[in-house]
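Note that the numbering runs from 1 along the sequence shown for the chain.
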Amino acid sequence: MNVTNQQKIKAIWLRPQVAPLLALALLCELGVAILNVAVMPVYLRDLRGFSEGVVGLVVMSFLLSEAFFKSFMGHYTDKYGKKFFLISAPMIWSITPILTLLIPMGYGVTETLAIAGLRVLDGLSAAMLWPAAYASVAEAVGPRERAHALSLLNVCFMIGLALGLPIAGGLNGLFDNPGAGLFAASFLFVLAALIAVFFHPKSSRSHVDVAEEYRIKDIWLCCKKIPLLLITAFVTFLGVGFPMVPLQWFAKDELNLTQAEFGGLALPAGILMALASVPLGSWGERIGKEKAVQLGLGMCSIGIWLVALGAWIPFLQTQIVLSLGAVLVGLGFLLAIPSWYATVSHIHPKRSASYLGAVMTAQGLGAIIGLVIGSKMYEFNHYAPFVACGNAVTLGFFLSFFALDRLEKRT
């Protein structure tokens with residue numbers, strides 16, 4: 001893409017091709033943080049009476065759906081254009097929280113399956129949105145600006161996550177009902193859909209031959225070209241999945257924090273990471289994408305082990321250590337992820353969404369397996385998910401050296 005002199009002068013986040021995408025991503029991530037991170041685990045366990053293991057299975061249905069559909073959605077994004085998917089995803093998302101509240105309680109397996117079915121629709125929405133959003137941002141800027149531009153998406157993610165926890169906690173405290181945040185999530189997704197309809201500029205038509213149909217072997221072709229990248233993605237996000245569901249239970253059970261207090265603890269850390277995202281993205285461009293990914297994963301590993309070592313070292317079992325570990329993990333991912341996705345988008349520029357979808361699928365599968373195992377681990381030992389997470393992310397850190405070196409030689 002050619003970048004005009006005016007675009008070079010104007011900050012990336014102010015450009016008309018980028019600003020609507022960032023606003024859409026912010027609203028969607030805030031909605032996801034409220035729906036799946038802050039509300040759903042607490043709502044299902046404390047209000048509907050689901051066990052920790054069943055909650056893990058319900059959340060797994062969301063991630064499994066996202067992982068399964070992402071490669072398909074990435075392909076069709078390249079084929080038909082991005083706008084349709086950027087509109088459809090938040091529209092579907094806006095309906096599922098309300099339908100969740102309408103499911104009657106006390107119907108056992110039927111109730112569980114109904115809620116899991118709605119999480120499958122949530123996963124489809126995520127699969128439609130994120131490959132299209134990442135590919136749209138990458139396409140809207142020049143090749144040398146991609147890591148920086150994608151780091152702005154991380155700003156949106158961190159702000160959304162940072163605000164999602166206290167907003168959900170505040171609504172929970174105000175209405176004394178964990179389900180109150182579901183209405184807020186639905187409203188945010190409606191706003192995101194409106195932005196996509198009225199403000200998102202028309203994306204380019206497919207780079208892929210319109211007559212070409214999606215074939216299962218396309219997934220195999222992606223895997224064949226980047227197997228080590230996919231293994232690294234799978235292993236790293238396997239680790240991410242282990243504490244994904246138990247995190248809020250851990251804060252309540254081990255640190256005696258209410259949902260609102262936990263959200264208040266996460267807010268300053270999230271804002272700090274959001275402010276650091278753009279400088280980290282720029283620094284990652286200067287030191288090189290490979291080093292940025294490796295350094296970022298190293299920081300994540302250190303942050304996770306700070307928390308995990310509390311299983312054996314009592315003085316690490318504090319809110320301060322949890323916050324410090326979370327900040328290191330957040331900063332590490334902010335450094336690693338933009339360079340990671342920028343690297344993937346460069347593998348085949350005309351199929352960037354397809355490759356992004358393949359990598360995101362590997363990440364999703366890892367997170368799925370991790371959260372199911374992590375939820376069961378928590379029933380036996382509250383620190384076990386964090387120890388497992390530390391091992392997996394550390395392994396992903398070492399694998400990244402081989403994966404990125406092999407990719408650089410091939411390309």
Side-chain angles (χ1 to χ4, degrees), residues 32-63 100 112 115-116 119 161-162 164-173 176-182 185 237-267 269-270 303-312 314 316-326 329-330 367-390 392-393:
V32 170
I34 292 173
L35 178 62
N36 288 326
V37 178
V39 172
M40 199 57 62
V42 176
Y43 171 74
L44 294 179
R45 188 181 80 159
D46 295 351
L47 192 64
R48 289 190 177 262
F50 288 14
S51 69
E52 285 90 346
V54 172
V55 173
L57 291 174
V58 170
V59 177
M60 180 198 71
S61 64
F62 162 73
L63 292 174
T100 300
T112 303
I115 293 175
R119 304 290 73 77
L161 184 60
L165 292 171
I167 287 174
L171 290 171
N172 181 20
D176 194 27
N177 189 326
L182 298 177
F237 277 78
L238 175 71
V240 171
F242 287 131
M244 184 182 294
V245 172
L247 181 59
Q248 288 204 83
W249 303 335
F250 179 84
K252 180 179 180 180
D253 299 338
E254 290 293 323
L255 303 178
N256 298 315
L257 294 173
T258 66
Q259 189 178 22
E261 290 171 340
F262 181 59
L265 188 66
L267 180 60
I304 292 165
W305 278 113
L306 267 179
V307 179
L309 288 173
W312 300 282
L316 293 178
Q317 300 172 1
T318 66
Q319 298 178 19
I320 295 175
V321 170
L322 179 63
S323 299
L324 179 59
V329 171
I368 290 164
I369 296 172
L371 79 87
V372 173
I373 297 173
S375 298
K376 293 301 294 183
M377 282 181 176
Y378 189 82
E379 293 182 3
F380 298 100
N381 186 290
H382 292 176
Y383 274 91
F386 296 94
V387 174
C389 177
V393 173

* Structure fact -> side-chain contact (heavy atoms from CB on, under 4.5 Å) with F386: of V307, L306, L309, only one passes, and it is V307

* A168 versus I34, closest heavy-atom pair with distance -> CB-CG2, 4.3 Å

* Structure fact -> Heavy-atom nearest pair, G239 first then V393, reads CA-CG2, 4.3 Å

* Asked: Heavy-atom distance under 4.5 Å between the side chains of N36 and V59, does that happen here?
  -> no

* Asked: Between M244 and L63, is any pair of side-chain heavy atoms under 4.5 Å apart?
  -> yes

* Asked: If you take all heavy atoms of V55 and R45, which pair is closest and at what distance?
  -> CG2-N, 4.1 Å

* Asked: How many angstroms lie between atom NZ of K376 and atom CG of L57, to the nearest 0.5 angstrom?
  -> 8.0 Å

* F250 vs Y383 aromatic rings, parallel, tilted or perpendicular, using cut-offs 30° and 60°? -> perpendicular

* **CD on Q317 to CG on L255, rounded to 0.5 Å** => 8.5 Å

* **Rounded distance [0.5 Å steps], CD1 in I368 versus CZ in F237** => 12.5 Å

* To do: Carefully, step by step, assess R119 and T100 under the rule side chain to side chain contact (heavy atoms under 4.5 Å, CB included).
  => CA-CA 9 Å; R119 304 290 73 77; T100 300; 3.1 Å; yes

* Using modelled atom types only, decide if a donor and an acceptor are shared between the side chain of Y43 and the backbone of L182 within a distance under 3.5 Å. => no

* Tell me, with the steps shown, if T112 and R48 meet side-chain hydrogen bond (donor to acceptor under 3.5 Å, both in side chains). => CA-CA 10 Å; T112 303; R48 289 190 177 262; over 6 Å; no

* Atom CD of E254 and atom OH of Y378: how far apart are they, to the nearest 0.5 Å? -> 6.0 Å

* Go through the steps to decide whether K252 and V42 satisfy the test side chain to side chain contact (heavy atoms under 4.5 Å, CB included), and finish with yes or no. => CA-CA 10 Å; K252 180 179 180 180; V42 176; over 6 Å; no

* **Derivation of the side chain to side chain contact (heavy atoms under 4.5 Å, CB included) call for M377 and V387** => CA-CA 10 Å; M377 282 181 176; V387 174; over 6 Å; no

* Smallest separation among heavy atoms of F242 and A392, with atom names -> CE1-CB, 4.3 Å

* Is a donor on one side and an acceptor on the other found under 3.5 Å between the side chain of S375 and the backbone of V372? -> no

* **W305: partners by ring pair (Phe, Tyr, Trp, His ring centres under 6.0 Å), with sequence neighbours left out** => none

* **Over all atoms of both residues, closest heavy-atom pair of G164 and A33** => CA-CB, 4.1 Å

